[in-house]
Amino acid sequence: MQPVTFVNGQPCALPTPTAASATLLHVLRNDLALNGPKYGCGLGQCGACTVLVDGVAARACVIPAQGVAGREVTTLEGLPARCGRADALHPVQQAFVEEQAAQCGYCLNGMVMMAVALLERNPDPNEAAIRRALSSNLCRCGTHVEIVRAVQRAAVLLREAQA
């Protein structure tokens, strides 16, 4: 029997045979053609590959693909549906656009996914909490000021959407 997981809300049989050494990132990008999570360092240290596993931010490059069987994995592509906006951007994505919080875009996936995880835990974080939550994600372009502003804006957008 093929191991089944849920990717972006859809049941998904993990490709068989998935080698014991295949990472979740490999399966997402190569087998499922989801390009949101990026390969950065391959060591779980840069954050470019961040996804949500059962709502918790996780580094897909170091998670064995078989380790997510039966669990919910959300990638950047699945964020809009996560908040019932399948035809529009998730409020965090919208805030990143509005605040122009991207330069090269390589860290963007991880920053957005970490911001979503933070705002689901803490809908009204202060700047220090945002900086702490994003501190393990690397941005080499120096857009940290814009990224922090985007997370602050996303918190407002999410509160407005719930009102």
Side-chain angles (χ1 to χ4, degrees), residues 2-97 99-121 130 132-144 146-148 150-151 154 158:
Q2 291 181 311
V4 175
T5 191
F6 298 87
V7 178
N8 297 330
Q10 300 298 315
C12 175
L14 295 174
T16 304
T18 298
S21 62
T23 65
L24 176 58
L25 179 62
H26 177 87
V27 169
L28 291 172
R29 288 186 62 82
N30 297 349
D31 297 321
L32 302 179
L34 296 168
N35 294 318
K38 305 288 185 239
Y39 182 88
C41 66
L43 301 170
Q45 295 180 356
C46 73
C49 66
T50 303
V51 297
L52 302 178
V53 178
D54 294 335
V56 177
R59 310 301 177 136
C61 72
V62 294
I63 297 173
Q66 298 298 328
V68 297
R71 300 176 78 185
E72 175 68 39
V73 176
T74 304
T75 68
L76 191 69
E77 295 89 346
L79 286 181
R82 187 175 177 87
C83 67
R85 302 174 111 187
D87 60 341
L89 294 175
H90 183 281
V92 173
Q93 292 169 309
Q94 183 62 43
F96 272 69
V97 170
E99 295 297 330
Q100 298 179 3
Q103 292 237 343
C104 80
Y106 211 80
C107 74
L108 200 58
N109 172 76
M111 293 292 190
V112 168
M113 299 307 287
M114 291 297 287
V116 168
L118 166 65
L119 294 172
E120 287 181 358
R121 288 189 322 269
I130 294 168
R132 262 191 317 278
L134 300 179
S135 67
S136 63
N137 285 59
L138 302 179
C139 172
R140 292 173 181 90
C141 296
T143 60
H144 294 89
E146 292 86 354
I147 290 170
V148 170
V151 178
L158 285 164

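Atom OG1 in T5 sits 8.0 Å away from atom CG in L24 (nearest 0.5 Å). Rounding to the nearest 0.5 Å gives a distance of 3.5 Å between OG1 of T75 and CG of N8. A distance of 12.0 Å separates CG in L32 from CD in Q10, rounded to the nearest 0.5 Å. In this structure, CG on L28 lies 8.0 Å from OG1 on T23, to the nearest 0.5 angstrom.
Of all heavy-atom pairs between C41 and Q45, the closest is SG-N, 3.2 Å. Contact detail for L134 and V151: the closest heavy-atom pair is CD1-CG2, 4.0 Å. Shown here for R29 and P37, the closest heavy-atom pair between the two residues is NH1-O, 2.8 Å. Minimum heavy-atom separation, L79 to H90: O-CD2, 3.3 Å. Between G40 and C46 the shortest heavy-atom distance is CA-SG, 3.7 Å. The shortest non-hydrogen separation linking R82 to T74 is NH1-OG1, 3.1 Å.
For E77 (side chain) and G36 (main-chain N/O), a donor-acceptor pair under 3.5 Å exists by modelled atom type.
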- Go through I147 and F96 one step at a time and tell me if the side chain to side chain contact (heavy atoms under 4.5 Å, CB included) criterion holds. CA-CA 7 Å; I147 290 170; F96 272 69; 4.0 Å; yes
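Contact annotation: the side chain of E72 never approaches that of V53 to less than 4.5 Å [non-hydrogen atoms, C-beta and beyond]. Looking only at side-chain heavy atoms (C-beta outward), L34 and L76 stay at 4.5 Å or farther from each other.
Pairs passing the salt bridge (charged side-chain N to carboxylate O under 4.0 Å, His left out) check and including a residue from residues 102-111, sequence neighbours excluded, do not occur. Identified under the salt bridge (charged side-chain N to carboxylate O under 4.0 Å, His left out) test for residues 102-117, with sequence neighbours left out: none. Residue pairs meeting the salt bridge (charged side-chain N to carboxylate O under 4.0 Å, His left out) criterion with at least one member in residues 135-144: none, sequence neighbours excluded.
Listed by chain and residue number, R153, A154, L157 satisfy the side chain to side chain contact (heavy atoms under 4.5 Å, CB included) test with A95 (two or more places apart in sequence, or in another chain).
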Side chains of residues 55-63: which donor-acceptor partners sit under 3.5 Å, not counting sequence neighbours?
unit_1, atom_1, unit_2, atom_2, d
R59, NH2, S136, O, 3.3
R59, NH2, S136, OG, 2.9

Distance-only criterion, 3.5 Å: show the donor-acceptor pairs between side-chain atoms of residues 102-115 and protein atoms not counting sequence neighbours.
unit_1, atom_1, unit_2, atom_2, d
Y106, OH, Y39, O, 2.2
N109, ND2, A48, O, 2.9
N109, ND2, T50, O, 3.0

